[in-house]
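Here is the structure we will look at.
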Amino acid sequence: MKRTHRCTELKPSDVGREVVVMGWVQRRRDLGKLIFVTLRDRSGIIQVVFNSETDPELHDKASQVRSEFVLAVRGILARRSDDAINKNMETGEIEIIASELRILNKSETPPFHIEENSDANEVLRLKHRYLDLRRPDLQGNLMLRHRIAKIARDYYDENGFCEIETPVLTKSTPEGARDYLVPSRIHPGKFYALPQSPQIFKQLLMVSGFDRYMQIVKCFRDEDLRADRQPEFTQIDLEMSFVDVEDVMTINEGFVSRLFREALGIDMPAPFRRLTYAEAMERFGSDKPDTRFGLELVNVSDLVAESGFKVFKDAVENGGSVRAINAIGAGSKFSRREIDALGEVAKTYKAKGLAWMVVEEDGLRSPIAKFLTETEIESIKDRLDAKPGDLLLFVADRDEIVFDALGHLRLELGEKLGLIDHDRYDILWVTEFPLLEYDEEEKRWVARHHMFTAPMDEDIEYLDSDPGKVRSKAYDLVMNGYEVGGGSIRIHSQELQAKMFRVIGLSDEQARDRFGFMLEAFKYGTPPHGGMAFGLDRLTMLLAGTDNIRDVIAFPKVQAASCLMSNAPDVVEKKQLEELHIKTVSKKSEE
RNA sequence: GGCCCGGUAGUUCAGUUGGUUAGAACGCUAGCCUGUCACGCUAGAGGCCGAGGGUUCGAGUCCCUUCCGGGUCGCCA
């Protein structure tokens, strides 16, 4: 038997034809002399009918069929009688009257029912991921992922990009995330690193003159997992020569627009909105703001600088700030307990406390009201446009903490107050990131993006005198509060690169040791270049409308970075370790 | 590494103040059933209550440890 159609490729217009379908038994409904089987393949399901009156032998065989058996069915496609039409089914107007049945394989009863929106425990589903992947929602996600990758390849190809593979066994680089290491058998005591991204290689391809490079590539970072983060993930990676910031953003806006049109049928006109990093922090307290709703941060430092409330006054005096959010209408909605819970959220982000005011018709309910003058209160209400029923939330501290606490509080409030339209996509660029940030632990400046990112021309002069003030030619693409991509224009001058290494405290010797090959390459005519990379997993996650990255990865890892299906990582044979010149140290003997 | 949450039939869950034999629904097995589509009806099987220790006359329930998993902070150029 040869398959003629996928289940839902059959249409009412095919009625009367002899067809062959193959797939898994979704459900069997045995009415005695009449058996209905819904057969499932990756396209969907269709009903097959076995009638004991027309073919007792066939009916007998069908009665042996159970859930998830693999069947091949030949039959005539028939229109159902009007009263037997199932409007909830894509193929609900038709069914296959079976004339031949082959049980291609039996199946044990699966540990969980294969259905859309499964309520089975995720651990169980991950253990049997191959069964989980039979479910239509995960199949849909992976097929969407395929479409996104296909559109990326088509789009960049049409725009002159060339896909080139870069090594997976490469050299460990300092800075950034922790590397996954691979021991070398041939070089005792030496290790390869899996790439955190193909950064250096793609820049070298620019030196080679490839002009426009792209690659859909696995990257690895040995850091803790999150709902939107896996240790191995896929980037749509690209690099271009002879471009500035605008060129890179424009070409990639074209990709994202096309992606939305072709994958989701959504119009997403370019150019996208742009916010500088400074503005994003000021207004949303985040460098990846969710701009689907308001509740913007408001600076009230000047209003309370001389206040009798010491917490506010001190924060401003010490160079910090006092900022607030007007949670519109929340004053009359939230209980004292809920407001206190918001305080706990703020504390997670190192805020010492959360001051609040509930605006009422005839005044104010607030633990801090007694420390403030009438004028101060009025000016605050005025600036926050506060109306009766509103809840005003204040954090006073160093800017960094104020932004972090209020930024996260804003997200919490947006969700709690139902202000987020989950069917909407909001996209923007965040630009002009700080080039460097100070690492308190290491007591030195470190690159915020990476050490090949170019500073903005007008800020180069501050590299020595005031490194924190230097902005970079870096940009992030932000969608619904997620960073889905980012990149930068790179440094292409040896002198500037050397200066950058100096600023982050990398000696000439260290630089030569770690990037010697790159510095050497840059001596031979490096074109100005820049690029970016999209997180394919996150992009797919957002387009699929889920907030769990495991839903868009065929075989994902759990929080402890293990695979519940294969049980990786696992111990290996002693012989393997010996060949690799590796001795393991147990935790006990370490102590 | 810190904090919070979860773990009871195959699955999803309930389980009182610590008290007899741990329940329900779905699924599974068998029988009946010719238009079902979450088919229906009848009967049945199915439990290391994550693991270990403790308190107690008695622990699914209380305490401690531990394992597994989720979220989050740190971390993630």
Side-chain angles (χ1 to χ4, degrees), chain A residues 26-39 45-54 59 63 66-68 78 80-89 91-92 95 97 108-116 118-128 131 173-179 196-197 199-200 219-231 233 341 344-345 347-350 404-405 408 412 433-437 439-441 445-453 472 474 476 483 486-488 500 504 506 533 535 547-548 550 557-560 562 564 567:
Chain A
Q26 178 66 37
R27 248 195 174 92
R28 178 187 59 119
R29 287 178 293 276
D30 186 345
L31 275 63
K33 298 273 162 17
L34 195 62
I35 295 172
F36 297 98
V37 167
T38 40
L39 200 70
I45 57 173
I46 192 163
Q47 176 164 280
V48 183
V49 191
F50 299 90
N51 195 325
S52 66
E53 207 162 80
T54 49
H59 172 270
S63 67
R66 293 293 181 272
S67 283
E68 301 306 319
R80 299 194 194 182
S81 65
D82 286 350
D83 55 345
I85 286 174
N86 184 346
K87 288 201 181 74
N88 300 319
M89 230 171 125
T91 54
E95 63 192 2
I97 311 297
E108 285 186 16
T109 303
F112 56 92
H113 187 214
I114 311 298
E115 61 182 344
E116 203 159 3
S118 172
D119 59 358
N121 189 291
E122 198 186 2
V123 173
L124 187 72
R125 293 194 283 116
L126 286 171
K127 229 173 168 163
H128 305 273
L131 293 180
T173 54
E175 313 270 308
R178 199 175 291 119
D179 284 320
Q196 297 178 25
S197 83
Q199 187 60 35
I200 291 172
C219 302
F220 306 85
R221 295 179 188 174
D222 187 4
E223 297 293 347
D224 284 357
L225 286 78
R226 286 288 184 279
D228 64 346
R229 231 161 65 190
Q230 285 271 311
F233 60 100
E344 290 306 310
V345 172
K347 280 181 189 161
T348 312
Y349 302 95
K350 299 203 193 85
D404 202 26
H408 283 93
E412 178 91 9
F433 277 80
L435 182 70
L436 302 153
E437 58 193 350
D439 187 321
E440 292 291 345
E441 244 173 66
W445 292 93
V446 296
R448 194 189 160 94
H449 185 53
H450 57 59
M451 61 192 103
F452 313 113
T453 298
S472 68
D476 275 358
E483 180 199 328
S488 65
M500 184 69 180
I504 62 172
L506 207 62
D547 56 8
N548 182 346
R550 295 185 291 271
K557 294 188 172 53
V558 297
Q559 193 158 309
S562 48
L564 297 181
N567 198 31

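Here is how names work: the chains are called A, B, and so on, in the same order as the sequence lines, proteins then strands, and each is numbered from 1.
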> Within the structure shown, what part of the strands sits under 4.0 Å from A:Asp83 by heavy-atom distance: base, sugar-phosphate, or nothing?
Replying inline: nothing

> So what does A:Ala84 hit on the nucleic acid, given a heavy-atom distance under 4.0 Å: a base, only sugar-phosphate, or nothing?
Replying inline: base

>> Categorize A:Asp119 for me: base, sugar-phosphate, or nothing, with a 4.0 angstrom heavy-atom threshold over every strand shown.
In response: sugar-phosphate

> What distance, rounded to whole Å, do you find between the two P atoms, one in B:rU12 and one in B:rG50?
Replying inline: 14 Å

> Say you pick atom C1' in B:rU42 and the same atom in B:rG60; how far apart are they, in whole Å?
Replying inline: 33 Å

> When all nucleic acid strands are considered with a 4.0 Å heavy-atom cut-off, which category describes A:Leu124: base, sugar-phosphate, or nothing?
Replying inline: sugar-phosphate

> Nearest-Å distance, CZ (A:Arg550) to P (B:rG69)?
Replying inline: 11 Å

> Can you check salt bridge (charged side-chain N to carboxylate O under 4.0 Å, His left out) on A:Arg550 and A:Glu122, steps first, answer last?
Replying inline: CA-CA 10 Å; A:Arg550 295 185 291 271; A:Glu122 198 186 2; 2.8 Å; yes

>> In whole Å, I'd like the distance from the CZ atom of A:Arg221 to the P atom of B:rC76.
In response: 11 Å

>> Heavy atoms only, 4.0 Å cut-off, all strands: where does A:Phe112 land among base, sugar-phosphate and nothing?
In response: nothing

> Is B:rG69 paired to anything, Watson-Crick or G-U wobble with both distances less than 3.5 Å, and if yes, which nucleotide?
Replying inline: B:rC5

> When rounded to the nearest 0.5 angstrom, what distance separates CD in A:Glu53 from CG in A:Leu34?
Replying inline: 9.5 Å

> With sugar-phosphate meaning primed atoms plus P, OP1 and OP2, does A:Ser197 contact a base, only sugar-phosphate, or nothing at under 4.0 Å between heavy atoms?
Replying inline: base

> Can you tell me how far the OG atom of A:Ser118 sits from the NE2 atom of A:His113, to the nearest 0.5 Å?
Replying inline: 9.0 Å

>> Taking the P atom in each of B:rC41 and B:rA25, what is the distance between them to the nearest angstrom?
In response: 11 Å

> When you compare B:rA14 with B:rU56, how far apart are their P atoms, in angstrom units rounded to a whole number?
Replying inline: 31 Å

> How long is the line joining CG of A:Asp30 and C1' of B:rU42, in whole Å?
Replying inline: 15 Å

>> I want to confirm an ordering. Mapping A:Arg229 and A:Ser81 to their closest nucleotides on RNA chain B, which one lands closer to the 5' end?
In response: A:Ser81

> Quantified in whole Å, what is the P atom distance between nucleotide B:rA30 and nucleotide B:rU16?
Replying inline: 37 Å

>> When you measure only distances, ignoring hydrogens and angles, does the side chain of A:Arg125 come within 3.5 Å of the base of B:rG69 through a donor and an acceptor?
In response: no

> Could you state the CE-C1' distance from A:Met89 to B:rG35, rounded to the nearest angstrom?
Replying inline: 13 Å

> Under a 4.5 Å cut-off applied to non-hydrogen side-chain atoms, are A:Asp404 and A:His408 in contact?
Replying inline: yes

>> Classify A:Ser562 by what it touches in the nucleic acid, base, sugar-phosphate, or nothing, heavy-atom distance under 4.0 Å.
In response: sugar-phosphate

> Just how far, in rounded Å, is C1' of B:rC76 from CZ of A:Phe233?
Replying inline: 9 Å

> Should B:rA24 form a Watson-Crick or G-U wobble pair with both distances under 3.5 Å, which nucleotide is its partner?
Replying inline: B:rU12

>> Counting only side-chain heavy atoms from C-beta out, which of B:rC75, B:rU34, B:rU11 sits nearest to A:Asn51?
In response: B:rU34

> Contact class for A:Glu483 (heavy atom, under 4.0 Å): base, sugar-phosphate, or nothing?
Replying inline: nothing

> Checking all strands, does A:Arg66 fall into the base, sugar-phosphate, or nothing category for heavy-atom contacts under 4.0 angstrom?
Replying inline: sugar-phosphate

> If the P atom of B:rC64 is compared with that of B:rC26, how far apart are they to the nearest Å?
Replying inline: 39 Å

> Within less than 4.0 Å of OP1 or OP2 of B:rU36, is there a side-chain N or O belonging to A:Gln47?
Replying inline: no

>> Considering every strand and a 4.0 Å limit on heavy-atom distances, what is the contact class for A:Arg27: base, sugar-phosphate, or nothing?
In response: sugar-phosphate

> Quick check: are there more than 12 heavy atoms from other residues, nucleotides or ligands sitting under 6.0 Å from CD of A:Glu108?
Replying inline: no

>> Please compare A:Gln196 and A:Leu564 by the position of their nearest nucleotide in RNA chain B and report the one closer to 5'.
In response: A:Leu564

> Using a cut-off of 4.0 Å on non-hydrogen atoms, how would the nucleic acid contact of A:Asn121 be classed: base, sugar-phosphate, or nothing?
Replying inline: sugar-phosphate

> Between B:rG19 and B:rU66, how far is it from one P atom to the other, in whole Å?
Replying inline: 28 Å

>> Measure CZ/A:Arg29 against P/B:rC28 and give the value in whole Å, please.
In response: 13 Å

> Who is the Watson-Crick or G-U wobble partner of B:rC41, with both distances under 3.5 Å?
Replying inline: B:rG31

>> I need the CG-P distance between A:Leu31 and B:rG40, as an integer number of Å.
In response: 10 Å

>> Determine whether a donor-acceptor pair (one donor, one acceptor, N or O, separation below 3.5 Å) exists between the side chain of A:Arg28 and the base of B:rC39.
In response: no

>> Distance check, C1' atoms only: B:rG31 and B:rA45, in whole angstrom units.
In response: 15 Å

> Between the base of B:rG74 and the side chain of A:Glu223, is there any donor-acceptor pair under 3.5 Å?
Replying inline: no

> Roughly how many Å is it from CD in A:Glu344 to P in B:rU72, rounded to a whole number?
Replying inline: 18 Å

> Can you find a donor-acceptor pair, distance only, under 3.5 Å between A:Glu115 side chain and B:rU11 base?
Replying inline: no

>> What's A:Val446 touching, base or sugar-phosphate or nothing? Going by heavy atoms closer than 4.0 Å.
In response: nothing

>> Using a 4.0 Å heavy-atom cut-off, does A:Tyr349 contact any base of the nucleic acid, only the sugar-phosphate backbone, or nothing at all?
In response: sugar-phosphate

